[in-house]
Amino acid sequence: MGEAAFKRAQYADLLGLPPNQVGEIIDGVLYAQPRPAMRHALATSVLGAELGPAFGRGRGGPGGWVILDEPELHLGSEPDILVPDLAGWRRERMPELPDAAFLTLSPDWVCEVLSASTHKLDRSKKLPVYQRERVAHVWLIDPVARTLEIFRLDGDSYRWIVTHADDETCRAEPFDAIELELGALWRL
């Protein structure tokens, strides 16, 4: 017997997910995960609170960015629909927010906070989409391992730049105009 024909997931499939799920479509496959756990939420919230004022508003930093929590991105011709934990666009590329439920302009930076249910998807499926869409910087944060990995697009592929860990204070590109205290991402 022949195999069943592959049916590409549609946007309606995402809309049909329960409210406690985050859905993404990559290469036509629907991926759904429960809302993030508290360590994940803490890391994302603290990082957004650090970067937003300095880079979004120019308070204590250079400004010049639009930084959003969990934006819905529709990228590519048969769009892959991704929801990074945080994403940023340089203001010269996105001077104002479109009046839409999602964005089609690829970000300049994304941050994915890894969890047991998402780390394989983030690394093996989402990273190649970010690469294809020319996202210049990707950060991978692991709140359990207490690490921040920095990747920069170098030609057609990502180059690992550095891994910061534990309670380090660091400067992390493209936001190296300020120091980040990593310990704040792991503990209250």
Side-chain angles (χ1 to χ4, degrees), residues 22 33-73 82-95 97 103 105-131 133-155 157-188:
V22 176
Q33 299 88 27
R35 299 291 311 160
M38 290 304 110
R39 285 181 193 232
H40 184 285
L42 176 65
T44 302
S45 297
V46 170
L47 184 59
E50 289 291 315
L51 297 178
F55 293 93
R57 298 282 182 211
R59 293 187 200 132
W65 286 78
V66 175
I67 297 175
L68 300 173
D69 295 336
E70 295 188 348
E72 185 175 309
L73 307 176
L82 282 67
V83 181
D85 293 299
L86 290 164
W89 293 258
R90 295 183 185 274
R91 273 197 204 275
E92 61 262 16
R93 289 190 59 237
M94 188 166 67
L97 283 175
L103 295 162
L105 178 66
S106 63
D108 295 295
W109 165 82
V110 296
C111 177
E112 295 288 357
V113 179
L114 307 176
S115 65
S117 63
T118 66
H119 76 278
K120 286 182 184 175
L121 179 67
D122 291 336
R123 288 184 184 278
S124 68
K125 301 292 185 189
K126 292 173 81 171
L127 204 56
V129 173
Y130 296 143
Q131 180 179 321
E133 297 299 319
R134 314 283 308 150
V135 176
H137 290 89
V138 174
W139 290 9
L140 299 178
I141 292 177
D142 186 331
V144 175
R146 297 169 41 142
T147 58
L148 163 61
E149 295 176 84
I150 311 285
F151 296 89
R152 180 189 324 129
L153 193 61
D154 187 9
S157 60
Y158 281 113
R159 182 166 58 105
W160 170 82
I161 302 301
V162 67
T163 299
H164 296 287
D166 301 320
D167 293 339
E168 274 185 62
T169 298
C170 66
R171 292 184 182 269
E173 63 179 72
F175 302 113
D176 49 0
I178 67 167
E179 287 188 333
L180 294 174
E181 295 180 26
L182 293 185
L185 302 178
W186 329 126
R187 63 180 186 287
L188 293 174

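Values reported hereafter were calculated over all heavy atoms of this structure, with side chains retained and with hydrogens, waters and symmetry mates removed. If you're wondering where the values come from, they're calculated on a predicted model, not measured in any experiment.
With rounding to the nearest 0.5 angstrom, the CD atom of Gln131 is 11.0 Å from the CZ atom of Phe151. Note that OG of Ser157 and CZ of Arg152 are 12.0 Å apart. Values are rounded to the nearest 0.5 Å.
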task = May I have the step-by-step check of side chain to side chain contact (heavy atoms under 4.5 Å, CB included) for Asp167 and Glu181, ending in yes or no?
result = CA-CA 7 Å; Asp167 293 339; Glu181 295 180 26; over 6 Å; no

Intermediate values then yes/no, side chain to side chain contact (heavy atoms under 4.5 Å, CB included), Leu82 and Val110 = CA-CA 11 Å; Leu82 282 67; Val110 296; over 6 Å; no

query = Taking it one step at a time, do Ile141 and Trp186 satisfy side chain to side chain contact (heavy atoms under 4.5 Å, CB included)?
reply = CA-CA 10 Å; Ile141 292 177; Trp186 329 126; 3.7 Å; yes

query = Could you go step by step and tell me if Leu180 and Leu51 meet the side chain to side chain contact (heavy atoms under 4.5 Å, CB included) rule?
reply = CA-CA 9 Å; Leu180 294 174; Leu51 297 178; 4.3 Å; yes

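With a 6.0 Å radius and a threshold of 12 heavy atoms from other residues, nucleotides or ligands, Arg91 has its CZ atom above the threshold.
Using modelled atom types, one side-chain atom of Trp89 and one backbone atom of Leu105 make a donor-acceptor pair closer than 3.5 Å. The backbone N or O of Val22 sits nowhere less than 3.5 Å from a side-chain atom of Arg35 that would complete a donor-acceptor pair. Looking only at distances, a side-chain donor or acceptor of Asp142 sits under 3.5 Å from a matching main-chain atom of Val144. Remark: side-chain polar atoms of Arg93 are paired, donor with acceptor, to backbone N or O of Ser106 under 3.5 angstrom. For the pair Asp122 (side chain) and Glu112 (backbone), a donor-acceptor distance under 3.5 Å is absent. In this structure a side-chain-to-backbone donor-acceptor pair under 3.5 Å is missing from Glu50 to Leu47. No donor-acceptor pair closer than 3.5 Å links the side chain of Trp109 to the backbone N or O of Ala136.
Within the 4.5 Å cutoff, the side chain of Ile161 has no heavy atoms near those of the His137 side chain. Leu103 has its side chain within reach of Met94: a pair of non-hydrogen atoms, C-beta onward, lies under 4.5 Å apart. Looking only at side-chain heavy atoms (C-beta outward), Thr44 and Glu70 stay at 4.5 Å or farther from each other. Residues Glu133 and Leu73 are not in side-chain contact: their nearest non-hydrogen atoms beyond the backbone lie 4.5 Å or more apart. When side chains are defined from C-beta on, Trp139 counts as touching Pro174, because their heavy atoms get closer than 4.5 Å. No side-chain heavy atom of Leu182 sits under 4.5 Å from any side-chain heavy atom of Arg146.
Taking all atoms of both residues into account, the shortest heavy-atom contact from Ile178 to Gly61 is CG2-CA, 4.3 Å. Between Ala87 and Pro71, the closest heavy-atom pair is CB-CG, 3.7 Å. The minimum heavy-atom distance between Glu173 and Ile150, with the atom names listed, is O-CG2, 3.8 Å. A pairwise comparison of heavy atoms in Pro143 and Leu114 identifies CD-O, 3.4 Å as the closest pair. In terms of heavy atoms, Val113 sits closest to Asp85 at N-OD2, 2.6 Å. Closest heavy-atom contact between Pro84 and Tyr130: CB-OH, 3.3 Å.
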